[in-house]
Number of protein chains: 2
Amino acid sequence: MNHAAATTPTLQDDTLSLGPLELRLGDREALVSGVRASLTVREFEVLEALTERPDRVITREDVYGRVWGGRMPYRDRAVDVHVKRIRQKLGAIAPEWTFVHTHFGIGYRLSPEVTDGGQQ
Amino acid sequence: MNHAAATTPTLQDDTLSLGPLELRLGDREALVSGVRASLTVREFEVLEALTERPDRVITREDVYGRVWGGRMPYRDRAVDVHVKRIRQKLGAIAPEWTFVHTHFGIGYRLSPEVTDGGQQ
DNA sequence: CGCAGTGGTGAAAAGAATGTGAAGGAAGTT
DNA sequence: AACTTCCTTCACATTCTTTTCACCACTGCG
């Protein structure tokens, strides 16, 4: 069984904290449990877009608009691919956590949750 | 004996509340007692259609029209099947509640009611 | 009581959307 | 020019959703 992080989004200086996730907005750096995730610029921006409304579903179109601007081309997969790599990098640091959740047919939701059996 | 939820439909932001049921229209998310019900898009839409007139009977044809558009094909069971899964998912979270009621020969009625003997 | 129509359900079939590895290219560096 | 990093795109794999079907239970009525 899973349970959500009992953590409220926090914003000090220009650092946004969400569970073990920490976004240094100014530096465009993401840390997980204090470890630098070395996201690329785009990856960071996508993650930041999801941060807009933590624990709420955000559509691909919405993410696309915030990161690339303009309307998302039909069948564009850019968002998905970046989410994949974000998951990969964050997961490498904290395998027992799940950060980005897929909402089929709609979009993604950012919300750090502990996964049972951190091993995959 | 049963009794209806002593709750009036509420609408804040884009969230509709009906007893323990909460529909986040924008996110297409349904929560029961605060727990995410993870309905699929169609399931959510059907539930939303029933929401149109809470505590009132809504015909299958009506639901069909709102969700799929157009006239419901003769003997189509799509609505029934989705209602079944909605009940299943909501019931899994709150077994002591009954949300969707069948009106034989007519349609369905959405209205959260406490069921005696939460066990099934 | 038996029939005909309606609704409940599990499961298979069909359809979509998302996950993913890899290729290709642009831009910056050495 | 060769190398590196990052972004985008593509094709295929995988997973999830929706539709359809078949069979059974239930309702209402003659």
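Here is how names work: the chains are called A, B, and so on, in the same order as the sequence lines, proteins then strands, and each is numbered from 1.
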Q: So, A:T40 and A:R28: side-chain donor and acceptor under 3.5 Å apart, yes or no?
A: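 No pair is found: no donor N or O on one side chain lies under 3.5 Å from an acceptor on the other.
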Q: Could you state the atom-to-atom distance from NE2 of A:H103 to C1' of C:dA16 in whole Å?
A: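 The distance from NE2 of A:H103 to C1' of C:dA16 comes to 18 Å, rounded to the nearest Å.
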Q: A side-chain contact here means heavy atoms from C-beta on lying under 4.5 Å apart; do B:I58 and B:Y108 qualify?
A: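 Answer no - side chains too far apart.
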Q: Toward the 5' end of DNA chain C, which comes first, B:G107 or A:G107, by nearest nucleotide?
A: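 Going by which nucleotide is closer to the 5' end, it is B:G107.
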Q: For D:dT19, take OP1 and OP2 only and decide whether either is under 4.0 Å from a side-chain N or O of B:W68.
A: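 B:W68 to D:dT19 OP1/OP2: side-chain N or O found under 4.0 Å.
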Q: Looking only at side-chain N and O atoms, does A:R85 come under 4.0 Å of OP1 or OP2 in D:dC6?
A: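 No, outside the criterion.
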Q: Whole-Å distance between C:dT18 C1' and A:Y108 OH?
A: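 Atom OH in A:Y108 sits about 6 Å away from atom C1' in C:dT18.
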Q: Return the nearest nucleotide to the side chain of B:T40; candidates are C:dT18, D:dT18, C:dG7.
A: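 For the B:T40 side chain, the nearest candidate turns out to be D:dT18.
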Q: Identify whether any heavy atom of A:R60 sits under 4.0 Å from a base atom; if not, whether one sits that close to sugar-phosphate; answer base, sugar-phosphate or nothing.
A: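 It contacts sugar-phosphate atoms only.
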Q: Let me know the distance between CG of B:D76 and P of C:dG7, rounded to the nearest Å.
A: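 My rounded result for the distance is 12 Å.
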Q: Check if the side chain of B:R77 and the base of C:dG7 share a donor-acceptor pair of N or O atoms closer than 3.5 Å.
A: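 In this structure, the two groups form a donor-acceptor pair.
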Q: Nearest to the side chain of B:K84, heavy atoms from C-beta on, is which of C:dT18, D:dT8, C:dT9?
A: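 Within the option list, the nearest is C:dT9.
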Q: When the distance from CZ of B:R28 to P of C:dA17 is rounded to whole Å, what number comes out?
A: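 Going from B:R28 (CZ) to C:dA17 (P), I get 12 Å.
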Q: Testing the 3.5 Å rule here: is there a donor-acceptor pair between the side chains of A:H82 and A:R42?
A: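 A:R42 and A:H82 do not have a side-chain donor-acceptor pair below 3.5 Å.
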Q: Of B:Y74 and B:V81, whose closest DNA chain C nucleotide lies nearer the 5' terminus?
A: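 Nearest nucleotide further toward 5': that of B:Y74.
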Q: In whole angstrom, what separates A:D80's CG from C:dG21's P?
A: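 In whole Å, C:dG21 P lies 14 Å from A:D80 CG.
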Q: What is the distance from CD1 of A:I106 to P of C:dA17, rounded to the nearest Å?
A: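 Value for this atom pair: 12 Å.
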Q: Are any of A:T102's side-chain N or O atoms less than 4.0 Å away from OP1 or OP2 of D:dC16?
A: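 No, outside the criterion.
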Q: Which residue, B:E43 or A:V41, contacts DNA chain D at a nucleotide closer to its 5' end, judged by nearest heavy atom?
A: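 The residue closer to the strand's 5' end, by nearest nucleotide, is A:V41.
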Q: Select one nucleotide: of D:dC7, C:dG8, D:dT19, the one nearest the side-chain heavy atoms of B:R42.
A: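 The answer is D:dT19.
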Q: Between B:E43 and B:K89, does any NZ, NE, NH1 or NH2 come within less than 4.0 Å of an OD or OE carboxylate oxygen?
A: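 Salt bridge present between B:K89 and B:E43.
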Q: Between B:F104 (CZ) and C:dG5 (P), how many Å, whole number?
A: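 The distance from CZ of B:F104 to P of C:dG5 comes to 12 Å, rounded to the nearest Å.
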Q: Contact class for B:F44 vs. all strands (heavy atom < 4.0 Å): base, sugar-phosphate, or nothing?
A: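 Answer is nothing: B:F44 stays at 4.0 Å or more from every strand.
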Q: Take atom CD1 of A:I86 and atom C1' of C:dG19, then tell me their distance rounded to the nearest Å.
A: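 Those two atoms, CD1 and C1', are 14 Å apart.
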Q: With side-chain contact (heavy atoms from CB on, under 4.5 Å) as the criterion, how do A:L16 and A:T51 come out once you've worked through the C-alpha distance, each side chain's angles and the decisive distance to 0.1 Å?
A: CA-CA 9 Å; A:L16 174 67; A:T51 261; 3.1 Å; yes
